[in-house]
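Below is one structure, written out as structure tokens; comments come after it.
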Number of protein chains: 2
Amino acid sequence: MPYRAPVSDFTFLFNQIVGLNDVTATERFEDATADVIEAIIAEAGKLCDEVVAPTNRQGDLTPAVLENGVVRASPGFGEAYKAIAEGGWVSVSASPEFGGMGLPQAVATAVNDMMSGANLALQLCPLLTQGQIEALEHHASDEIKELYLPKLISGEWTGTMNLTEPQAGSDVGALRSKAEPNGDGTYKISGQKIYITWGDHDVAENICHLVLARLPDGAPGTKGISLFMVPKFIPDENGKPGVANSLRCVSLEHKMGLHGSPTAVMQYDEATGWLVGSENGGMKAMFTMMNNARLGVGAQGIGIAEASYQHALAYAMDRTQGASPIENGTGAIIDHADVRRMLASMKADIFAARAIALACAVAIDMASATGKPEWSARAALLTPVAKAFGTDVGCEVANTGVQIHGGMGFVEETGAAQFLRDVRVTPIYEGTNGIQAMDLVARKMMDGGDAIFALLDEIEGFAEQAREKMPELAEPVWQASETLRETVEWMVAQGNLNERFAGSVPFLRGFARVLGGYYHLQAAMQEPDSARARLARFYITRLLPEHTGVLAHARCGAEDLYALSPDDLAA
Amino acid sequence: MPYRAPVSDFTFLFNQIVGLNDVTATERFEDATADVIEAIIAEAGKLCDEVVAPTNRQGDLTPAVLENGVVRASPGFGEAYKAIAEGGWVSVSASPEFGGMGLPQAVATAVNDMMSGANLALQLCPLLTQGQIEALEHHASDEIKELYLPKLISGEWTGTMNLTEPQAGSDVGALRSKAEPNGDGTYKISGQKIYITWGDHDVAENICHLVLARLPDGAPGTKGISLFMVPKFIPDENGKPGVANSLRCVSLEHKMGLHGSPTAVMQYDEATGWLVGSENGGMKAMFTMMNNARLGVGAQGIGIAEASYQHALAYAMDRTQGASPIENGTGAIIDHADVRRMLASMKADIFAARAIALACAVAIDMASATGKPEWSARAALLTPVAKAFGTDVGCEVANTGVQIHGGMGFVEETGAAQFLRDVRVTPIYEGTNGIQAMDLVARKMMDGGDAIFALLDEIEGFAEQAREKMPELAEPVWQASETLRETVEWMVAQGNLNERFAGSVPFLRGFARVLGGYYHLQAAMQEPDSARARLARFYITRLLPEHTGVLAHARCGAEDLYALSPDDLAA
């Protein structure tokens, strides 16, 4: 069963649910008409279906390898990457000034979703480059921009982000890499970085490493960190890759999945770097990159969920096992109630997660197009939810995909297991989902909950309008929103952040469940008596009720939790 | 971090929670005093810690291989298997008549749990043998018993079960393997079987295949299936392995996990077989084996959960990352609220799942010791719950174990990922968890719900007694039991089984959640102000509330689900 990019779902979500027309009505995005966007999505979908997806299995079977100090990518990846770059798909949302398409982030998010469904291991390469492009656009000097952005945007060069060190994972401030000024505007960068995605490879002619390091007088912790551009080959006077920089890939990780994505340990030995942003301003620049990447990783989860769903659906439509338990059934296992429940849950959650991710992207676009703080607040609020829920749905759907295959799901031959192995890292990288949840209940509630309350007002206003036409769907959504509102009120009343953190992951889950209810209700109202309305009914009656349990958990606070001491847990 | 068998947890559960003293008070099990059982568990635990667990990683790194028609087991597996067999651990609950220990199933379940935590891939070999021993004890002729049971019980020979064929998985009745009488009391067995666990290997001198096949006049479907003993080497007149039978391992599956467990495609070409049980009575005999195996597979899930939990706890106690967010913390990531929440959830769910499995085992023991139908009904009721919840907890806990490790969880080096890959098949084999749930709401409710209602009466009676001392724990358990009771009433009122099946998996989940609340409440009452009581509080306030959402789902019925047509799902 080949992957088919869900082009019509994006069109529906853009036009009927997340309000992309508000984005395209702005001056900034006025060229991006609905027709243009639809054509772009269709074209990207075609590439994903025909060029990218066929390479996915090879990446798993023939991992990237480090040989003689150079990483060789999996078979077919070089050609597929070239097609991605030549199509301009690395830089959908990048500025046209340096060759980008300049399209809304919502379109880039849809492309990331599709490309991840087609081949997540390969898609990581352009995704990291996208983040680097955005960081440079916002923070780099004109000289660096002019030198690097055209190459990154065209995909001739690729980008990486170098944060993690063995002792510095979620705690970035613990990093030890050093930068020493050379006196000529350049710096000597030294240190070891781990988990560097596509840290070395042979699919493009140069690799641009953005590296966090500390200047000699840099303060301890995150405040003393600066960001540097450290290219694999130092550009010569013509902007071509010149002499090799003093850096190398030391080893590749042996991972549970994503075998086609080389995850490198990188060693910098007085490598030449250029400052990006201000001295000691590295975290700010890196956060630009990470925020972009967080939404992108959410889209990765959704993309794998889509691919896994299509794969399981095809199996369930084909596999016969026992007599059909229903009249006029297909004869295949999709006729069995529990198989249909699994498939419906997968599809309903994909819709919810995708709507959240695209609503987040639209908020980012509206913020950049209008400069209005309420849009920035909405974007900031939804980013951790899009990342965590998108990747959780990715894992859950891929897990259900294995289950639908029965014994065949555990056997690697079918590919169902690969989706699960590949997607498993997405709740971890770009800030674990636990970190996302902490961000949601702490930083994103520093406004006293205003951004969430504004969203809940919107949800309840819509549910009230919908109540007359679809009371049995509108009422549970309204009620769930009220329960969420009470939980937010409880959260913002807790001065000690640990009281919030103790229930932050269940809170984020409940928040996403309620948001999913809102978008499904909108879908049902837009197209009553359609497949979408029937799916909305499934979600609202069967999946939305999860919110009561997780929001009750969210309000439990820290005392009983910390009463369980490390000794208790080891008892 | 090496595995440590949780010996004291078993002692507590046996003596304080599941009532093993009722079992040992029966005449049948009078030799199994509490002291004897404690010594046996400690001895088995020692073997698991010192001999079995050290082989686990090798099994993953160096899979079993098929070479020149013979399967060679992973390094170290032969020696570890020998130690298991020589210690008598294959046959903890087997009849002493042929050399078994004759201990309660509860003890065997604990041993299975520990051995699975130590090395699941290897443990499958004795687990399958145990099932075969039980099937032979109940259904085989005296001649077969005398020939095979001593060898199986001593572990000199191992057993397999051969049900699945490519077209016949959950639908066993679709099988095509044939049996033709030779006229001398033996049969010619022909056909291909897939997914045969430990179908071939070099750790024991003979392999006894129990094969389901159809006699020439066998009816279609499950009613025309017979069971045959088909040994790899036909025993000679001295009962030693003699001439090779006409069967072979054609290939091994390449699986997501359990690389150390050879999963074979077996080919039978007029192999010589002996009938076990009556002609056309194969399903009945096979169900004996499967019921045993279902509880055993539940214990596998719990065992992996335990191993994964210990592994993650050790990491969380050792890994430092950022300043401790609490006063007098350890300085390691266990101080972070969300990490502690994850660990507490793992431990609380392991306790719940283990209590359910051991309560099921005690019911089996009481049924066999007393012959009372209420115990048989309790055993039948709890078996699908023990299997499905135990394996779901296995997957969830192993998944959380990966998450606690952060990036290190996705890298194979730590071993966290192996637990997740290994355990993923347990919700699939021995009847998928969907099949378990269907069994629970259909066959196990053919009594109109009597068996469940009796259990709910017990739970509510206990909660009422506990209310005075621990109202804040007893009340939610009582309430949850009432919600479950209403759901059971709804279920048994549905004449059309599809109405039940549509919510059967959420129902089983809610059932397990409530049972878990009951056992945690008992633990808190037994040892107030202890680690167990604090864990019970965590479970009851934070995890038990899940039951509302899943039981609401369980009561939704089939109509809205089937309204989602295959076309809708493909839209």
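Naming convention: chains lettered A, B, ... in sequence-line order (proteins, then strands); numbering from 1 in each chain. If you're wondering where the values come from, they're calculated on a predicted model, not measured in any experiment.
Considering only residues two or more places apart in sequence or on other chains, B:His405 meets the ring-ring contact (aromatic ring centres under 6.0 Å, His included) condition with B:His311, B:Tyr315. By the salt bridge (charged side-chain N to carboxylate O under 4.0 Å, His left out) test, B:Arg555 pairs with no residue at all, sequence neighbours left out.
Note on B:Asp560 versus A:Arg534: no salt bridge recorded, every NZ/NE/NH1/NH2 to OD/OE distance being 4.0 Å or above. A salt bridge links A:Lys193 with A:Glu165; the closest basic N to acidic carboxylate O contact falls under 4.0 Å.
Proximity to chain B is limited to the side chain of A:Glu253, based on heavy atoms less than 4.5 angstrom apart. If you measure heavy-atom distances from A:Arg537 to chain B, the contacts under 4.5 Å come from the side chain alone. With a 4.5 angstrom heavy-atom cutoff, A:Thr541 touches chain B via backbone and side-chain atoms both.
Of all the listed residues (A:Ala168, A:Ala558, A:Ala437, A:Pro6), the one sharing the greatest number of non-hydrogen pairs under 4.5 Å with chain B is A:Ala168. Contact tally against chain B (heavy-atom pairs below 4.5 Å) for A:Val339, A:Asp567, A:Val402: the top residue is A:Val402. Ranked by heavy-atom pairs under 4.5 Å with chain A, the first of B:Pro566, B:Ala571, B:Gly173, B:Ser530 is B:Pro566. The choice from A:Gly434, A:Ser170, A:Ala174 that makes the most heavy-atom pairs within less than 4.5 Å of chain B is A:Ser170.
Rounding to the nearest 0.5 angstrom, the gap separating the NZ atom in A:Lys255 from the CG atom in A:Asp422 is 9.0 Å.
In this structure, A:Ala502 and A:Leu561 approach most closely via the heavy-atom pair CB-CD2, 3.7 Å.
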